[in-house]
Number of protein chains: 2
Amino acid sequence: MGTKQLGGSVDQADVTRADSLAREIFSDIANKWALLIIEAIGDNTLRFSELRDEVDGISHKMLTQNLRMLERNGLIERTVHPTVPPRVEYTLTEPGRALRVTIDGMCDWTHRYIGHIEQARDSFQARKQ
Amino acid sequence: MGTKQLGGSVDQADVTRADSLAREIFSDIANKWALLIIEAIGDNTLRFSELRDEVDGISHKMLTQNLRMLERNGLIERTVHPTVPPRVEYTLTEPGRALRVTIDGMCDWTHRYIGHIEQARDSFQARKQ
DNA sequence: CCGTATCCTCCTCGATACTG
DNA sequence: CAGTATCGAGGAGGATACGG
């Protein structure tokens, strides 16, 4: 992450602080559940239970945990409808939608290279007998 | 991931198999160490020890483990120079370089929204007292 | 329905030491 | 220098139960 310094008038302490913050954010975001949740929300407004169905294999706990994290970082917005039973909906914020674009890129990449990868795995397997 | 089906002549079994493979690949790739390693290599040819220095905070074990995984999936190429002491170099393959582009996108995103995120964290903190 | 808390398991990850 | 193996601690993550 320590790429692209912004030389000039910026205090060195601020730079390193920003860098460590950037690493922290990157570590938060760069995990499969977070990325899959963002993909799942996309342009939609989804309820907790809908997300649970949409993101397959995710547990109740992982979902809440990642939703909190994403809310904390301002990537999603959480709106509670004070009805009974409660209705909680999640949407992407503008930063969230921006990140989504790059995640879309990763998904496209996966589909584009899935053949390459399968071959690579076979040849790797063969190399190691 | 289960988006974008390719309808038509494709056998359903193949579709689900490809989908589960895609998820598996995504889970492999979408972790911070893998992404940081790919970023670190970039256009360079780096030795093991150089990578260890470049990707800060990574342990010896995590590095080897992720390098194997990336090699297995054909994202990096590993070349051993049979000298003594041994010299092992890593570069990105074409799929690796393609993925790198999207990772660059994530890094850019982080830098662009770091301010938003900091604010979001503060306001989140405040909301929860 | 949604969220939190508790418990318990497993496996990730770091430290260390050893081979080629 | 690069890689593997081993071991132990700690956190991740699942299951369950309960509260609002």
Side-chain angles (χ1 to χ4, degrees), chain A residues 23-38 40-41 44-73 75-92 124-125 127-129, chain B residues 23-24 26-37 40-41 44-73 75-92 124-125 127-129:
Chain A
R23 268 194 297 275
E24 192 191 323
I25 294 167
F26 193 86
S27 299
D28 270 7
I29 302 304
N31 84 69
K32 65 170 181 172
W33 291 132
L35 299 184
L36 288 173
I37 289 171
I38 293 171
I41 300 181
N44 308 307
T45 298
L46 294 184
R47 305 182 57 170
F48 184 88
S49 48
E50 291 172 328
L51 271 168
R52 185 152 170 45
D53 296 339
E54 202 69 23
V55 180
D56 85 0
I58 198 168
S59 70
H60 187 105
K61 188 181 181 180
M62 281 300 96
L63 184 53
T64 35
Q65 199 165 299
N66 278 276
L67 285 172
R68 283 307 151 274
M69 182 274 286
L70 292 172
E71 187 192 0
R72 182 173 103 90
N73 287 313
L75 300 195
I76 63 177
E77 186 176 7
R78 175 175 181 269
T79 59
V80 182
H81 296 84
T83 59
V84 42
R87 179 185 188 84
V88 182
E89 296 182 324
Y90 296 93
T91 58
L92 295 185
F124 184 84
Q125 177 91 16
R127 264 196 321 277
K128 314 291 172 189
Q129 287 85 355
Chain B
R23 268 193 298 273
E24 193 190 323
F26 193 86
S27 299
D28 270 6
I29 302 305
N31 85 68
K32 67 170 179 172
W33 291 131
L35 299 184
L36 289 172
I37 290 170
I41 300 182
N44 308 306
T45 298
L46 293 184
R47 305 181 58 170
F48 184 88
S49 47
E50 291 172 329
L51 271 168
R52 187 154 169 41
D53 296 340
E54 203 68 23
V55 180
D56 86 1
I58 197 168
S59 70
H60 188 104
K61 187 180 179 180
M62 279 302 94
L63 184 54
T64 37
Q65 199 165 299
N66 279 276
L67 285 172
R68 287 301 153 274
M69 181 274 286
L70 293 172
E71 187 193 0
R72 182 172 104 91
N73 288 313
L75 299 195
I76 63 177
E77 186 176 8
R78 175 175 180 269
T79 60
V80 182
H81 296 84
T83 60
V84 43
R87 179 184 188 83
V88 182
E89 296 180 326
Y90 296 92
T91 58
L92 294 183
F124 183 84
Q125 178 90 16
R127 262 192 326 274
K128 314 292 171 188
Q129 289 83 353

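The analysis underlying the following values was restricted to heavy atoms, covering all of them including side chains, and did not include hydrogens, waters or symmetry mates.
- Using a 4.5 Å cut-off on side-chain heavy atoms (C-beta onward), B/R127 and A/E71 make contact.
- Between the P atom of D/dA12 and the CH2 atom of B/W33 lies a distance of 14 Å, rounded to the nearest Å.
- Taking the side chain of B/F48 as heavy atoms from C-beta on, and the options D/dT6, C/dC7, D/dA2, the nearest nucleotide is D/dA2.
- Dashed line: the shortest gap from a side-chain N or O of A/Y90 to OP1 or OP2 of C/dC2 is not under 4.0 Å.
- Counting to the nearest Å, the C1' atom of C/dT12 and the CG atom of B/D28 are 15 Å from each other.
- Of the side-chain N and O atoms in A/S49, one or more sit less than 4.0 angstrom from OP1 or OP2 of C/dC2.
- In this structure, B/R52 reaches neither bases nor backbone, as no heavy-atom distance under 4.0 Å exists between it and the strands shown.
- Between C/dT4 and A/R68, a contact under 4.0 Å exists linking OP1 or OP2 to a side-chain N or O.
- In this model, the phosphate group of D/dA2 is approached by a side-chain N or O of B/R47 to a distance below 4.0 Å at OP1 or OP2.
- If you take CG of B/N66 and C1' of D/dT4, they are 16 Å apart, rounded to a whole angstrom.
- With rounding to whole Å, A/R87 atom CZ is found 8 Å from C/dC2 atom P.
- Judged by closest nucleotide on DNA chain C, B/Q65 is the one of B/H60 and B/Q65 placed further toward the 5' end.
- In summary, of the residues considered (A/L51, A/V55, A/L36), a side-chain contact (heavy atoms from CB on, under 4.5 Å) with A/I41 occurs for A/L51 alone.
- One interatomic measurement links the two molecules: CG of A/L67 to P of D/dG13, which rounds to 14 Å at whole-angstrom precision.
- Rounding to the nearest 0.5 Å places CG of B/D53 at 10.5 Å from CZ of B/F48.
- Atoms CE (B/M69) and P (C/dC13) sit 11 Å apart, rounded to a whole Å.
- Taking only side-chain atoms of B/M62, from C-beta outward, the nucleotide of C/dC13, D/dT4, C/dG3 with the closest atom is C/dC13.
- The only option from A/N66, A/L75, A/N73, A/L70 that meets the side-chain contact (heavy atoms from CB on, under 4.5 Å) definition with A/D28 turns out to be A/N73.
- Residue B/K61 has its side chain nearest to C/dG14 when only C/dT6, C/dG14, D/dA2 are considered.
- Sequence order on DNA chain D of the closest nucleotides to A/S59 and B/T64 puts B/T64 first from the 5' end.
- Going from atom CG of B/L67 over to atom CZ of B/R78 covers 9.0 Å, rounded to the nearest 0.5 Å.
- Atom C1' of nucleotide D/dG3 and atom CD of B/E71 are separated by 12 Å, given to the nearest angstrom.
- Distances were taken from every side-chain heavy atom of A/P86 (C-beta onward) to each of C/dC2, D/dG14, D/dA2; the shortest belongs to C/dC2.
- Rounded to an integer number of Å, the gap from CZ of B/R127 to C1' of C/dG3 is 16 Å.
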